[in-house]
Amino acid sequence: MDALSNLFEGFGTALTPMNLVWVVVGALLGTAVGVLPGLGSAMAVALLLPVTFTLEPTSALIMFAGVYFGGLFGDSISGILMNTPGNSTAIAGTFEGHRMAKNGRAPQALATSAIGAFIGGIVATTLVVFFAPTLASLATNFGPAEYFALAVFAFIATSAVVSDSVLKGLSALLIGLTLAVIGIDGPSGASRFTFEVPSLFDGVHIVVITVAMLALGEVIHVASKIGKPDDTTLIPSKGRPFLTRSEFREALPAWMRGTAFGVPFGVIPAGGAEVPSFLAYGTERRLDRRRPNPMFGMGAIRGVAGPEAAGNSTAGTAMGALLALGLPTSATAAILLAAFQQYGIQPGPLLFDRNGEIVWALIASLFVGMVVLLILNLPFAPLWAQLLRIPKNYLYAGITVFASLGVYASSASVVDLMFMLGLGVIGFMLRRFGIPLAPVLIAVILGPLAEDSLRRALAVSEGDATILIGSGITVVLYTLMIIAVVFSAVTKVRSRRRVDF
């Protein structure tokens, strides 16, 4: 009851005319920056941080509530329409979302994304209201061995389970792990695969890899089809910014499953929503294989619904971990922590007592921001979809320009632009030979976490490898992994037998 009364007081602050304006402004600006290839939600918060210096703390943080979720939706817009997710958290939803767009269903894909983001965010933020301290305390149960098991689980799920071919999936995983180890090795100080180039000592930024593999790889892939009959064909788009009853029923279970994946991951410092969004995508794909008419690979609406709900539910509970423990579990949350600190506010266990008025106004503004985004973006889905009516030569030239600007803006490094070109060619080759991109990206994202966690676990145990399976959490994760692999193998064998007969 105390939580509800505090939340209602927060709504009283957040719904004042001026603060409501800041929520709307934040949502619009966050979406606008997030939709630019290579920038993304984290960059949106970082770029807009100086804008709030002249605002009151409450107004500034309320504006960031709109930026926070607006940037996430912008990430998905660019991923669905142009196959260029603004952030790595939107990668999983891009696979089927872009196929829906290419099939003329861009407004439906964007509507699925918006509703999934709304459902996941609302559920997660409601849990934050009542269970923020409890959810945040779950993170204390994860040590190095648990993080390593989590990373291995994600590796296997995206390479051996999600991929149609285990060999191709593992090959993609190896490419991603190779990219992940570029740079200076922390414990030993040795350089790895840097070729004595100073710009590579910090490794290759995930923005460079994401933009190169997905955006530039797609551009080169389209360019390779020049001269074929369909290279100038505009993608048709049916302007229906809502889902039919059958489409809603199709997407609803995936929204719920995605939300269930994302909620617990928001309080685990595993780098953001990449893991739950890929797990949600993998789950929906495995379930799809059991249906009489599988839709994955042709624009399955559940392939958009699950990851989008997972991403926003993770963002919602990540805010709870940030407020209750001062624990930033993603890059965007880390930048928000800096926003708190610039006003002399330190998130943590005492925050609700010392700055309760600001905190509850911020939590209330998260609800308001998600409603505003749903109201704004559902009617505008056909308008966003009109980007696909631009002739391909202009559209993909623009994608290349914005992608290059996004990469250069993130580091101001010419070497990153050269790397983007080389990785773009690799992304094109992966498409040409049917090798999936998901294992590459998840390996790049979680490779450093897996390596660091393995080293820390073995250091704590003085080389005793049994520590890797020494807790209930690790046993559960490895058991689920084995079950998933066996189930996937049996399913593939049965499907091949059916084809043979």
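Everything quoted here is computed from the prediction, not taken from an experiment.
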Tightest non-hydrogen contact, residues Ala457 and Ala145, listed as CB-N, 4.0 Å

Side chains of Met319 and Val128: does their closest heavy-atom pair fall under 4.5 Å?
no

Taking all non-hydrogen atoms of both residues, which atom of Asp416 and which atom of Val208 are closest, and how far apart?
O-CG1, 3.6 Å

CA sep, side-chain torsions, deciding dist, call: Glu451, Arg192, salt bridge (Lys or Arg N to Asp or Glu O under 4.0 Å):
CA-CA 14 Å; Glu451 180 185 14; Arg192 302 184 296 190; 2.7 Å; yes

On a heavy-atom basis, the closest approach of Phe261 and Pro276 is O-CB, 3.7 Å

Value for CD1 (Ile435) from CD1 (Ile175), rounded to nearest 0.5 Å, stands at 5.5 Å

Can you tell whether the side chains of Glu308 and Arg257 come within less than 4.0 Å, N to carboxylate O?
no

Distance (rounded to the nearest 0.5 Å) between Phe419 CZ and Ile426 CD1:
8.5 Å

Quick one: pull up CD in Glu146 and CD1 in Ile467 and give me the separation to the nearest 0.5 Å.
8.0 Å

CA sep, side-chain torsions, deciding dist, call: Val304, Gln108, side chain to side chain contact (heavy atoms under 4.5 Å, CB included):
CA-CA 10 Å; Val304 180; Gln108 292 80 42; over 6 Å; no

Could you measure the distance from the CG atom of Leu177 to the CZ atom of Phe155? Nearest 0.5 Å is fine.
5.0 Å

Search all heavy atoms of His221 against all heavy atoms of Ser224 and return the closest pair with its distance.
O-OG, 2.5 Å

Non-hydrogen side-chain atoms of Thr314 and Val263 separated by less than 4.5 Å
no

SB check Arg105 Glu247 (cutoff 4.0 Å)
yes

For a 4.5 angstrom cut-off between non-hydrogen side-chain atoms, does Ser113 reach Phe73?
yes

Which distance, rounded to the nearest 0.5 Å, do you find between the OH of Tyr478 and the CD1 of Ile469?
8.0 Å

Examine Phe296 together with Tyr281 and report whether their ring centres are nearer than 6.0 Å.
yes

Atom of Ser453, atom of Pro144 and distance for their closest heavy-atom approach
CB-O, 3.2 Å

Does some side-chain heavy atom of Leu179 sit less than 4.5 Å from a side-chain heavy atom of Met213?
yes

Is there a side-chain contact between Leu373 and Phe118 in this structure, where contact means two heavy atoms from C-beta onward sitting under 4.5 Å apart?
no

I'd like to know if the side chain of Asp288 and the backbone of Glu284 have a donor-acceptor N/O pair within less than 3.5 Å.
no

Less than 4.5 Å apart, any side-chain heavy atom of Pro264 and any of Thr317?
no

Distance in Å, Leu430 CG paired with Lys168 NZ, rounded so as to fall on 0.5 Å steps:
10.5 Å

Where is the tightest heavy-atom contact between Ile209 and Val444, given as atom of each residue plus distance?
CD1-CG1, 3.4 Å

Verify side chain to side chain contact (heavy atoms under 4.5 Å, CB included) between Thr400 and Leu216, making sure each step is shown before the conclusion.
CA-CA 6 Å; Thr400 304; Leu216 195 57; 4.2 Å; yes

Leu110 vs Ile80, side chain to side chain contact (heavy atoms under 4.5 Å, CB included): CA-CA, chis, key distance, verdict
CA-CA 7 Å; Leu110 292 174; Ile80 290 171; 4.0 Å; yes

Which is it for Val123 and Ser313 under the side chain to side chain contact (heavy atoms under 4.5 Å, CB included) test, yes or no, and what are the steps along the way?
CA-CA 7 Å; Val123 171; Ser313 60; over 6 Å; no

